[in-house]
Structure formats: structure tokens, C-alpha cells
Amino acid sequence: QVELVESGGGLVQPGGSLRLSCEASGRLFSISAMSWYRQAPGKQRELVAMITNSESTNYVDSVKGRFTISRDSAKNTMYLQMNTLEPDDTAVYYCSAHTLIGARYWGQGTQVTVSS
């Protein structure tokens, strides 16, 4: 089992920044990659960013240059630094862990609201 605990969501004005954190515990040896997803009201959940064990990264086009995914192995924590936030970034953000056998684990989700 892998447990994921998120923090860092909240309300921010357009152009502002937030840093999301996801702390993992449990069977950490089974994790092959971690990722951030988001789901806006009325829209399908989408992959925002992914980081693999080899530390390669991928981003959805809409956040390239603004968001940065990273991890701190010593703290078992993954981060999503979000800069120059836009109203369209408003969504529930989910942390996810991917295992070598294809299992998926999810955090509880944290609300990010970008509004004046």
C-alpha cells in the first residue's frame, strides 16, 4: 500500500504562485513514477505533470514554462511549483503514484482556486 498526503492548495490571485506537496509513505519501493492530475468542474481529469524514477518529466502543454514537478527522495515528497497561475488552472489537484505492476494510488485531492 502507498499512502499519499497532499498540502499546499488554496486561493491565489491570477499571476500568483502556489507550491503543492505530496508526501508518500508505505511501499515506496514499488513506485515507478509519480504525477499530478487535476479536474476542473465539468471537465475530465487530466494529467498535469509526471516525474519518473529516472527523473524524466512531462507536462501538459498548457502548463509548460509555468509549472515545475520535482521530488525530494530524502523526504519522500513530490512537489508541484505553480507560477503565473491563471483562472483556467482552477481545479482539484490530485497526487498519484504509479507502481511497477500498474497499480495506482491517489491522494485526497486539494482545491486550487485562481481568482481575483
Side-chain angles (χ1 to χ4, degrees):
Q1 297 283 356
V2 175
E3 184 175 355
L4 306 172
V5 180
E6 299 167 313
S7 62
L11 174 65
V12 65
Q13 294 185 353
S17 298
L18 284 174
R19 190 190 195 195
L20 304 183
S21 299
C22 175
E23 185 173 355
S25 61
R27 295 179 176 268
L28 304 182
F29 61 87
S30 69
I31 298 175
S32 62
M34 297 187 71
S35 59
W36 290 96
Y37 285 73
R38 67 184 181 187
Q39 187 167 23
K43 296 186 178 181
Q44 192 172 20
R45 186 175 300 185
E46 68 172 345
L47 176 67
V48 178
M50 175 180 287
I51 184 167
T52 69
N53 285 352
S54 62
E55 300 192 11
S56 63
T57 59
N58 284 287
Y59 301 89
V60 66
D61 286 345
S62 61
V63 309
K64 288 181 179 177
R66 299 189 298 119
F67 291 11
T68 302
I69 188 170
S70 62
R71 68 180 189 182
D72 185 338
S73 296
K75 297 181 179 180
N76 299 319
T77 302
M78 178 181 67
Y79 305 95
L80 185 67
Q81 178 66 47
M82 304 184 293
N83 298 327
T84 320
L85 283 161
E86 304 169 352
D88 284 349
D89 295 318
T90 296
V92 178
Y93 284 71
Y94 298 91
C95 173
S96 181
H98 313 245
T99 72
L100 292 171
I101 61 171
R104 296 289 298 275
Y105 296 89
W106 297 89
Q108 78 283 1
T110 185
Q111 178 70 48
V112 173
T113 302
V114 185
S115 176
S116 299

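FYI, the numbering just counts along the sequence from 1.
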Worksheet item: What do the steps show when you test Ile51 against Met78 for side-chain contact (heavy atoms from CB on, under 4.5 Å), and what is the final call?
Response: CA-CA 9 Å; Ile51 184 167; Met78 178 181 67; 4.1 Å; yes
Practice prompt. Tell me, yes or no, whether the heavy-atom count around Gln1 atom CD, taken from other residues, nucleotides or ligands under 6.0 Å, exceeds 12.
Written response: no
Fill in: Heavy atoms of other groups near Arg45 CZ, more than 12 under 6.0 Å
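It does: Arg45 CZ has more than 12 such atoms within range.
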Could you tell me the separation between the [atom1] atom of [X] and the [atom2] atom of [Y], rounded to the nearest 0.5 Å?
X     : Y     : atom1 : atom2 : result
Arg38 : Leu20 : CZ    : CG    : 11.0 Å
Ser21 : Glu6  : OG    : CD    : 10.0 Å
Phe67 : Ser17 : CZ    : OG    : 9.5 Å
Asp88 : Lys43 : CG    : NZ    : 5.5 Å
Leu80 : Cys22 : CG    : SG    : 10.5 Å
Asp72 : Glu23 : CG    : CD    : 10.5 Å

Decide whether [X] and [Y] are clustered together by the hydrophobic rule: side chain heavy atoms of Ile, Leu, Val, Met, Phe, Trp, Tyr closer than 4.5 Å, transitively.
X      : Y     : answer
Met50  : Ile31 : no
Val114 : Tyr37 : no
Val92  : Leu4  : no
Leu28  : Met34 : yes
Val12  : Val48 : yes

Discussion item. With side-chain contact (heavy atoms from CB on, under 4.5 Å) as the criterion, how do Cys95 and Trp36 come out once you've worked through the C-alpha distance, each side chain's angles and the decisive distance to 0.1 Å?
Written reply: CA-CA 5 Å; Cys95 173; Trp36 290 96; 3.9 Å; yes
Practice prompt. Describe, in one word, how the ring planes of Trp106 and Tyr94 are oriented to each other, choosing from parallel (under 30°), tilted (30 to 60°) and perpendicular (over 60°).
Written response: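 Perpendicular.
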Practice prompt. Return yes if some donor-acceptor pair links the side-chain N/O of Arg71 with the main-chain N/O of Asn53 below 3.5 Å, else return no.
Written response: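 Between the backbone of Asn53 and the side chain of Arg71 there is a qualifying donor-acceptor contact (under 3.5 Å).
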Discussion item. I'd like to know if the side chain of Ser96 reaches the main chain of Ser35, judged simply by a donor and an acceptor atom lying under 3.5 Å from each other, with no hydrogens or angles considered.
Written reply: no
Discussion item. Would you say that Asp89 contacts Met82 through its side chain, given a criterion of any heavy-atom pair below 4.5 Å between the two side chains?
Written reply: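 No. Closest side-chain heavy atoms not under 4.5 Å.
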Fill in: Nearest atoms (heavy-atom pairs only) where Leu18 meets Gly10
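It is CD1-O, 4.0 Å.
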Worksheet entry | Candidate pair Gln39 and Glu46, rule side-chain contact (heavy atoms from CB on, under 4.5 Å), full reasoning | CA-CA 6 Å; Gln39 187 167 23; Glu46 68 172 345; over 6 Å; no
Practice prompt. Apply the test side-chain contact (heavy atoms from CB on, under 4.5 Å) to residues Gln81 and Ser70: give CA-CA distance (whole Å), side-chain angles for both, the deciding distance (0.1 Å), then the verdict.
Written response: CA-CA 8 Å; Gln81 178 66 47; Ser70 62; over 6 Å; no
Discussion item. Assess, by modelled atom type and distance only, whether the side chains of Thr113 and Ser115 contain a donor and an acceptor separated by less than 3.5 Å.
Written reply: no
